[in-house]
Amino acid sequence: MERDRVLAWLADNVPQSRIQHILRVEQMAIALAEHHQIDVEKAAKAALMHDLAKNFKSQKLLAMAQAEGLAIDPISEVNPHLLHADVGALVARDTFNVDDAEVLQAIANHTCGQPGMSTLSCIVFLADSLEPGRGDTPELAELRKTSYHNLEQAVWLTCDYSLKLLVETHRLIHPRTVATRNWFLQKVKNSQRVVDKTA
Ligand SMILES: [Fe+2]
Ligand SMILES: [Fe+2]
């Protein structure tokens, strides 16, 4: 079974604590996919494979991204760990023969999101940030609730949450997180405007 093959590979390539995170992301992605009525199998697969490259060394991440011809932006150059999402999609494609573009994109989008990303990508992005192991604060509880009510709003607010943490801990912010946040904020505001007009 393919899932077993991925789990065996993960056991050799990421620590046990990371595997536990991955399994919680898989569970939450399945729950969100069922709730929002999208392909559960795709969500489970993308979630299971989202952190394949999480423990690759910076040099390996940079080398694989370069070999693929991916554009390496200045923030990823300083912080190559950010490339684990894009490189994870390459591992899924090359080691596990994943050829579903939407699944590959969901893996690649799991860290910084992407303006206009698919529902599948939104679900994996949210499951990664909000799985139960991320903590038990009222703010996280609220975001988890929102992820069931309104996916787009949840992506916007989860970006805000991540951005706040990055500011507080004095870490670099990738501009794509900001772009994702702005896109989903506008999407929510525009749909509210349409609702207001028709009311
Ligand atoms: Fe990750
Ligand atoms: Fe993750």
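Quick note: numbers below take in every heavy atom, side chains included, and nothing from hydrogens, waters or symmetry partners. Atoms within each ligand, like the ligands themselves, are counted from 1 in listed order.
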Which label fits H36 and Y148: parallel for a plane angle under 30°, tilted from 30 to 60°, or perpendicular past 60°? parallel

Can you tell me which residue among T158, V155, L185 is in a side-chain contact (heavy atoms from CB on, under 4.5 Å) with T180? V155

Tightest non-hydrogen contact, residues L126 and M28, listed as O-CE, 4.4 Å

Using the ring of F56 (Phe, Tyr or Trp, six-membered ring only), decide whether K60 places NZ or CZ under 6.0 Å from its centre and within 45 degrees of its axis. yes

Inspect the surroundings of NZ in K187 and state if more than 12 heavy atoms from other residues, nucleotides or ligands are less than 6.0 Å away. no

So the protein N/O/S atoms within less than 2.8 Å of the Fe ion (ligand 1) come down to D51 OD1, H84 NE2, H110 NE2

Once side-chain hydrogen bond (donor to acceptor under 3.5 Å, both in side chains) is applied, do any residues pair with N182, and if so which ones, sequence neighbours excluded? none

